[in-house]
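In what follows, a structure is listed as structure tokens, so that the remarks can point back to it.
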Amino acid sequence: ARPVMLIGPPGAGKTLTCAKLATQALLSGRPPMVVTTDDARAGATEQLAAFTRLLHLPLIVAPKPAMLLKALARRVPGQPVLIDSAGQDPRLPAPALVALLAAAEAEPLVVLPAGLDAEEAAALATGFAGLGAGLLLPSRLDLPARLGGVLAAAGAGLALTVAGIGRSPADGLAPLDPGRLAARLLNGPAAWREDGA
């Protein structure tokens with residue numbers, strides 16, 4: 001029922017992940033409200049707008065808490081809400097991100113690329129957990145040979161959800177249950193491509 005705000009460092013794949021989640025929601029018969037708060041990165045709004053146009057969904061741009069509250073007031077009861085945010089290093093002060101999370105009463109979903117160094121991933125995960133995050137969605141899980149960063153981030157207190165695979169919204173998301181994660185660890189990236197996930 002709570003809006004989901006995708007948070008993570010710059011370049012983690014938050015915008016593409018937002019498009020994937022929107023595609024999944026739309027295909028399940030629940031057209032989402034899609035919002036971006038990212039007015040910092042050049043082209044960020046245009047990138048997400050290109051995805052939402054393909055899905056025939058409006059994109060709401062709300063970089064300030066008051067704008068976000070106004071947008072959420074138009075939410076249809078029960079409608080999923082996906083909020084893309086600007087990249088943030090959680091080890092630095094994040095008053096803007098904290099204010100947006102509070103205004104939306106959003107569930108923070110941390111997006112981290114799967115190929116990160118384990119120590120860096122753990123430090124980022126710990127920082128985002130300090131901002132109230134409890135969920136992790138690793139992006140690009142179909143690319144790196146090693147998953148130490150994903151496991152280190154999970155070990156820092158973030159629960160694994162699904163994994164982003166592929167470069168387009170149609171490539172989608174893959175569930176991260178123990179069996180699939182073990183197969184990915186044992187068989188490498190090919191484990192995700194062979195079964196079409």
Side-chain angles (χ1 to χ4, degrees), residues 1-113 124-139 153 157-162 164 169 172-173:
R2 291 173 64 189
V4 173
M5 184 178 290
L6 287 77
I7 63 174
K14 294 179 297 301
T15 300
L16 178 57
T17 299
C18 188
K20 289 180 180 196
L21 289 168
T23 301
Q24 188 177 60
L26 189 62
L27 291 175
S28 70
R30 299 178 64 213
M33 174 183 279
V34 182
V35 182
T36 182
T37 63
D38 187 358
D39 65 350
R41 181 173 59 93
T45 300
E46 292 80 7
Q47 181 185 11
L48 191 53
F51 291 132
T52 56
R53 272 194 303 274
L54 290 172
L55 297 172
H56 304 290
L57 294 171
L59 175 63
I60 300 167
V61 180
K64 305 288 183 212
M67 297 168 76
L68 185 54
L69 277 172
K70 186 176 178 182
L72 292 174
R74 298 189 312 235
R75 177 186 190 189
V76 175
Q79 182 182 29
V81 177
L82 302 169
I83 305 169
D84 190 22
S85 69
Q88 174 70 47
D89 183 338
R91 297 164 292 195
L92 300 173
L97 179 60
V98 170
L100 289 164
L101 283 165
E105 297 180 9
E107 176 75 36
L109 173 61
V110 178
V111 179
L112 290 178
L124 288 168
T126 300
F128 284 118
L131 295 175
L135 302 173
L136 170 65
L137 191 156
S139 61
L158 299 180
L160 291 168
T161 57
V162 295
L173 303 165

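L136 contributes atom CG, which lies 10.5 Å from atom CG of L124 (distance to the nearest 0.5 angstrom). Rounding to the nearest 0.5 Å gives a distance of 4.5 Å between CG of L72 and CG of L68. Of the inter-residue distances, the one linking S85 atom OG with L109 atom CG reads 10.0 Å to the nearest 0.5 angstrom. The CG atom of L173 sits 6.0 Å away from the NZ atom of K20 when rounded to the nearest 0.5 Å. The structure places CD of E107 at 11.5 Å from CD1 of I83, a figure rounded to the nearest 0.5 Å. Separating the CG atom in L55 from the OG1 atom in T23 is a distance of 4.0 Å, to the nearest 0.5 Å.
For the pair V162/L137, a side-chain contact is recorded, criterion being any heavy-atom separation below 4.5 Å from C-beta on. Counting only heavy atoms from C-beta outward, the side chains of P138 and L112 never approach each other to under 4.5 Å. Using a 4.5 Å cut-off on side-chain heavy atoms (C-beta onward), V110 and P108 make no contact.
Between the side chain of T37 and the backbone N or O of V61, no donor-acceptor pair lies under 3.5 Å. Side-chain atoms of T15 never come within 3.5 Å of backbone atoms of L48 as a donor-acceptor pair (strictly under, hydrogens ignored). The backbone N or O of E105 lies less than 3.5 Å from a partner atom in the side chain of R2, making a donor-acceptor pair. Without hydrogens or angle criteria, K14 side chain to P9 main chain gives a donor-acceptor distance under 3.5 Å.
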Could you walk me through whether F51 and L16 pass the side-chain contact (heavy atoms from CB on, under 4.5 Å) test, one step at a time? CA-CA 8 Å; F51 291 132; L16 178 57; 3.8 Å; yes
For H56 and L26, run side-chain contact (heavy atoms from CB on, under 4.5 Å): C-alpha distance rounded to whole Å, both residues' side-chain angles, the deciding distance at 0.1 Å, then the answer. CA-CA 10 Å; H56 304 290; L26 189 62; over 6 Å; no
Tell me, with the steps shown, if L82 and Q24 meet side-chain contact (heavy atoms from CB on, under 4.5 Å). CA-CA 12 Å; L82 302 169; Q24 188 177 60; over 6 Å; no
Run I60 and M33 through side-chain contact (heavy atoms from CB on, under 4.5 Å) and show every step you take. CA-CA 8 Å; I60 300 167; M33 174 183 279; 3.8 Å; yes
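Contact between G127 and P90 at its shortest, heavy atoms only, is C-CB, 3.4 Å. The heavy-atom pair separating A104 from P3 by the smallest distance is O-CG, 3.5 Å. Annotation for P113 and S139: closest pair CA-OG, 3.3 Å, computed over non-hydrogen atoms. Across all non-hydrogen atoms, the minimal contact from I7 to A133 is CD1-CB, 4.2 Å. Residue L135 comes nearest to L158 through the heavy atom pair N-CD2, 4.1 Å, listed as atom of the first residue, atom of the second, then distance. Closest approach of P31 and P80 over heavy atoms only: O-CD, 4.0 Å.
Other residues, nucleotides and ligands contribute only 12 or fewer heavy atoms inside 6.0 Å of the CZ atom of R30.
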